Structures are given as structure tokens and as C-alpha cells.
Amino acid sequence: MSNIVDVTFEINGVLRYTDEIQRWPTKNFALLYFTDCEGIRVQGTGMIDGQGMKWWRYAYSGRDYRPDMLSFKYTRDIVVAHLYLYSSPKYSINFVDCADVVVHDVTIFINSTVSRGRDRHASAVYALNTDGIDIAAYNVTVYNNHITNYDDGIVAKPCRSTWKYCQCAGAILAVNNTITYSTGLTIGSVPPNNDVNCVRNVTFRNNTMHRPLKAIYIKPNPGTNGVGIIEDIVYEDIRIDHALWWTVWIGPQQQNQPGDDKASTGCNFLFPYVPTCPTQPLVTMKGITLRNVHARETMPFFEGPGVILCDAANPCTDFVFANVTNTLYTGSLDDIYAQLPFTYIPGLVFPLPRADDDWAFAYVTTHVYGRVLPGTDPKPCFNDPSCFWTADAVEPLNTDDDAGRR
């Protein structure tokens, strides 16, 4: 739909996608797709059922043209409220070059039963790219939503200097949301671009996360031309339990998987055991604040609370950690296995070594400058090159050797 003004769409029953994939166009589509509109309300007590399972399986074939559930482009004055969005093939809500947006009291649910299998030996399909709310927009408030998904939960994505409504994604507030699984409250990815990819002035406040793969996730992306900006980002009053991969990941996106014979495009999935992680000098990360962030019982699969990887030629500056705490889960995996968001856990899929006797629950940081304030435990290494991580300190891991499996 295009060029419509001041229209309300009320959904009070069930609006269901067909999962007959061959009947869908192969690009630029969504179940509800708005472009060049103004004053759009999508609301109601009903459900939109994306029937995502066939689409998730189809994506593994290499032909991936899955539709978003709700998509808005070149549109301003938008409200999405009170809906139940079930098993979207791809992104549940996607805003591109939009402004003046409110999303509230929406439930997004990617069906964990069909995606993860019912036991350790079941055949499961991981629902890749099922982002909850994607925001390449300006002046956005997202509040009181419940999201269960398998990719970014709420994510600010970059806008460009040449766009219509949004030249830099910002003035974004995400508050009082509850997120289960997901890869976090996210910025990016942000690759450099000749038209300047930019995310600035984003606040995540008073959000709760249950068993995220990653929780706080800021990701510059590879690229060789142009500029990217990530600055003035605040995570405040955040509660996290049982983070499964990393509680904090600020640095190159993990894209290079074990066995990948292509040129490295990002950080290896087994980092830091496989120390491949080229940092990005063309994307500036500045003014990142974590305040009153509390993670409890972080899972020990990768044996660290977080990663902050910046480039020597363009270091991260004005970082602040204030009252940031993280504790390690010490119980039995069997006690919580049924609650995990995938059939196999990283320590069983990937050949991770056991921790050395002198191992410490510590951040991996490099080229980060800022302040670590009282109440932060463990404390990340800022400002001191002598404690920055280097690849030379890591003994290479043989990913073909099963001897290191947990």
C-alpha cells in the first residue's frame, strides 16, 4: 500500500499468511507493506500468523526471500499496538526511513516448540533472521512489548545522510519490554557507507531479558569504503538472566563460522578460541554507557561476561560502565536444558576446550577508553594496553578435533 494518509487498520480476528511459498513474489514484499504513507495505525486484539516454519526451512536451501510481517518504508506518524504477531517468516516489524513511530503492547512470538525440537536428538530448524522490531527510523518509542524470537529482539539499524525522513537513526527509546531468547537489545549492524551509516541517541531502559544468546549487542560490520557512526547509546536498568553466549558483545559481528572456506567477513563463531576477529576502523563507536545492568547466572559455554573489540586506528572512546554486574551459572546444565532456545548448546556443538585451572571470568577488550565506575564486577579493561586482548595470546583451536568437546 502506498500514498495513503490517516488510515487505521483494525485486526481483531486471525490474519494468516499462506505458506505456499511458490505463490509469493520473490522480493520487496510483506503481508502488510506500507510505503510513502502518513498517519498509519495498525492495531487490534487479533493475531497475524506468519506460518514461518516452511519459510525457515526454505531459507536453508540458499533461496531466501522470506517476507516481513509488517513493513514500513518512507512513512511517518505510525502506531502499531496490541497485536499478537506469531511466527513471522522473517522480521516481525520493520521500519526503513521512517519517523515518528510508536510500538506498544505488542506480543511477538516465534514458536520455540517447532523451531528447537522436543529433545536432544530431534531435528530442529533454527529460525534465522526473525528479528522482532527493526528500527531504521527517527523519533521512535517502543514500550510494554513481549518478544520471544531467535535473532535481534529490538534493534536500531542505521539510516543514511541521503534518506528522506531519517538521516541518522536516533531519538529512540525502548522501555519496559520483556524479551525471551533473541540476540539482544541491538545496534546494527552498521557497515561503513559513502553516504554515512549512522545510529545516534538510543536508550534501552528498564528492559528484562530471559536466556538471550547475546543480550547487549552492538555490531559494526565489514566494509572498505565510507563511514559509519555509533554514538550516544545508553543501556540503563537492564535485567538479564541465563545469557547463553555473551552477555555483552560490542564489536565485529560474528559471521565467520567453523569450516567456512571463504574469506573472513567478521568474527569467528568460536571467538576467542579461534581468534579471527578483524575490527573495523571505518565505524566510530563513541559514548556507549551501561548503567545499572545486572546479569545473573550467565552460562559458562564461552566462559566470559563479554567482549568489547575496537580498532587501534579508531579506538572506542567515552565508554562508561556504572554498576554493571555479571555472575556465572554454577548449577547443572540438565536442570535447565528444557528451557534453552535450541536443541544443541554451543559447548556440545562446537569443540570448546575446558577452562584452564587459572581461568578467570573476565571481559575480552581491546582499544577501549573510558571509565569503569563503582559497583561494576567484573571490571573490564579500559585505557590500559597492557591488559588488552591480543590474538597472539591465544593457542589456535583445531575445530576438527572432538577431543575438546564438553
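Since we're looking at a predicted model, the values are computed, not measured. Quick note: residue numbers are just sequence positions, from 1. Just so you know, these numbers use all the heavy atoms, side chains as well, and skip hydrogens, waters and symmetry mates.
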- How long is the span from the CD atom in E231 to the CZ atom in R200, to the nearest 0.5 Å? 4.0 Å
- Query: Any side-chain heavy atom of M47 within less than 4.5 Å of one from L15?
  - Reply: no
- With side chains defined as the heavy atoms from C-beta onward, is the minimum distance between P305 and V248 less than 4.5 Å? no
- Would you say the side-chain atoms of Q280 pair up with the backbone N or O of N221, donor to acceptor, closer than 3.5 Å? yes
- Item | Stepwise side-chain contact (heavy atoms from CB on, under 4.5 Å) check, M69 with K90 | CA-CA 7 Å; M69 188 166 278; K90 198 175 181 183; over 6 Å; no
- Test applied, side-chain contact (heavy atoms from CB on, under 4.5 Å); reference residue, I93; option that passes from I135, V42, D134, L85: L85
- Task: Using only heavy-atom distances, determine whether the side chains of S2 and D36 contain a donor-acceptor pair under 3.5 Å.
- Result: no
- Task: Please confirm whether the backbone N or O of G184 pairs with a side-chain atom of T186, one donor and one acceptor, at under 3.5 Å?
- Result: yes
- Query: Where does the angle between the aromatic ring planes of Y86 and F109 fall among parallel (under 30°), tilted (30 to 60°) and perpendicular (over 60°)?
  - Reply: parallel
- With the side chain counted from C-beta on, respond yes when L185 and M209 share a heavy-atom pair under 4.5 Å apart, and no when they do not. yes
- Message: I need the T298 OG1 to W245 CH2 distance, nearest 0.5 Å.
- Response: 15.0 Å
- Query: Is Q253 close to Y217 at the side-chain level, that is, under 4.5 Å between some pair of heavy atoms?
  - Reply: yes
- Apply the test side-chain contact (heavy atoms from CB on, under 4.5 Å) to residues M53 and D19: give CA-CA distance (whole Å), side-chain angles for both, the deciding distance (0.1 Å), then the verdict. CA-CA 8 Å; M53 184 63 169; D19 60 2; over 6 Å; no
- Tell me, with the steps shown, if Y150 and W56 meet ring-ring contact (aromatic ring centres under 6.0 Å, His included). CA-CA 11 Å; Y150 296 87; W56 306 331; 7.7 Å; no
- Are we looking at SG atoms under 2.5 Å apart for C198 and C168? yes
- Message: So for atom OH, which belongs to Y74, do other residues, nucleotides or ligands contribute more than 12 heavy atoms lying within a distance under 6.0 Å?
- Response: no
- With a 4.0 Å cut-off, would you call D97 and K164 a salt bridge? no
- Message: Given 3.5 Å as the limit, does a donor-acceptor pair link the side chain of T366 with the main chain of C310, or not?
- Response: no
- Task: Kindly compute the distance separating CD (Q43) from NE2 (H82), expressed to the nearest 0.5 Å.
- Result: 7.5 Å
- Query: Would you call the rings of Y329 and H242 parallel, tilted or perpendicular if under 30° counts as parallel and over 60° as perpendicular?
  - Reply: perpendicular
- Query: Are Y165 and F72 an aromatic pair by the rule of ring centers under 6.0 Å?
  - Reply: no
- Which atom pair, heavy atoms only, marks the closest approach of A243 to I240? CB-CG2, 4.2 Å
- Can you label the angle between the F204 ring and the Y235 ring as parallel, tilted or perpendicular, going by 30° and 60°? parallel
- Sub-3.5 Å donor-acceptor pair from the side chain of N111 to the main-chain atoms of S87, do we have one? no
- Message: Tell me whether D151 contacts the main-chain N or O of D131 through its side chain, where contact means a donor paired with an acceptor under 3.5 Å.
- Response: no
- Query: Taking NZ, NE, NH1 and NH2 as the nitrogens, is one of them in D152 or K214 under 4.0 Å from a carboxylate oxygen of the other?
  - Reply: no
- Task: Applying side-chain contact (heavy atoms from CB on, under 4.5 Å) between I216 and each of L290, I233, I288, report the one that passes.
- Result: L290
- Looking only at heavy atoms, what is the nearest atom pair of G188 and V155, with distance? O-CG2, 3.0 Å
- Is it the case that N323 and N292 place a side-chain donor and acceptor less than 3.5 Å from each other? yes
- Message: I'd like to know if D100 pairs up with R76 as an ion pair, taking the criterion as any Lys NZ or Arg NE/NH1/NH2 lying under 4.0 Å from an Asp or Glu carboxylate oxygen.
- Response: yes
- Task: Tell me, with the steps shown, if N149 and S92 meet side-chain contact (heavy atoms from CB on, under 4.5 Å).
- Result: CA-CA 10 Å; N149 73 324; S92 290; over 6 Å; no
- Taking all non-hydrogen atoms of both residues into account, name the closest pair between P272 and W389 and its distance. CB-NE1, 4.2 Å
- Task: Report yes or no: does Q167 contribute a side-chain atom to a donor-acceptor pair with the main-chain N or O of R160 at less than 3.5 Å?
- Result: no
- Message: Please check this pair: side chain of N194 against backbone of G226, looking for a donor-acceptor N/O pair closer than 3.5 Å.
- Response: yes
- Task: Mark yes or no for whether N145, through its side chain, and V106, through its backbone, hold a donor-acceptor pair below 3.5 Å.
- Result: yes
- Does some side-chain heavy atom of Y181 sit less than 4.5 Å from a side-chain heavy atom of T130? no
- If you round to the nearest 0.5 Å, how far is SG of C159 from CG of N193? 12.0 Å
- Using a distance-only test with no angle check, is there a side-chain donor-acceptor pair under 3.5 angstrom linking T45 and N12? yes
- Message: Take a 6.0 Å sphere around OH of Y91 and say whether it holds more than 12 heavy atoms from other residues, nucleotides or ligands.
- Response: yes
- Message: Quick check on the 6.0 Å ring-centre criterion: do Y17 and W55 meet it?
- Response: no
- Message: Measuring only between side-chain heavy atoms, which start at C-beta, is M1 closer than 4.5 Å to L32?
- Response: yes
- Does any non-hydrogen side-chain atom of I21 lie less than 4.5 Å from one of Y65? yes
- Message: So that I can confirm a possible disulfide, could you see if the SG-SG distance for C381 and C387 falls below 2.5 Å?
- Response: yes
- Query: So, does T75 use its side chain to make a donor-acceptor pair with the main chain of C37 at under 3.5 Å?
  - Reply: yes
- Task: Test side-chain contact (heavy atoms from CB on, under 4.5 Å) on Y143 and V102 and set out the steps.
- Result: CA-CA 8 Å; Y143 67 94; V102 177; 3.8 Å; yes
- Task: For D377 and T325, test the side chains for any donor-to-acceptor distance below 3.5 angstrom and give the result as yes or no.
- Result: no
- Message: To check you understand the geometry: which heavy-atom pair defines the closest contact between H210 and D241, and what is its length?
- Response: ND1-OD2, 2.6 Å
- Criterion side-chain contact (heavy atoms from CB on, under 4.5 Å) against H146, the qualifying member of T208, I179, T178: T178
- Query: Hey, does the side chain of N207 reach the backbone of N177 with a donor-acceptor pair shorter than 3.5 angstrom?
  - Reply: yes
- Does the gap between the ring centers of W24 and Y58 come in under 6.0 Å? no
- Is there a side-chain contact between Y33 and K73 (heavy atoms, below 4.5 Å)? yes
- Item | Minimum-distance pair of heavy atoms, taken over all atoms of N383 and Y369 | OD1-CA, 3.1 Å
- Item | From T365 atom OG1 to I308 atom CD1, the distance as rounded to the nearest 0.5 Å | 6.5 Å
- Item | Pairwise distance NE2(H104) to CG(N176) - rounded to 0.5 angstrom | 13.0 Å
- Item | Presence of salt bridge, R66 and D64, under 4.0 angstrom | yes
- Note on the structure: Closest heavy-atom pair, I172 versus A137, reported as atoms and distance to 0.1 Å, is CD1-O, 3.8 Å
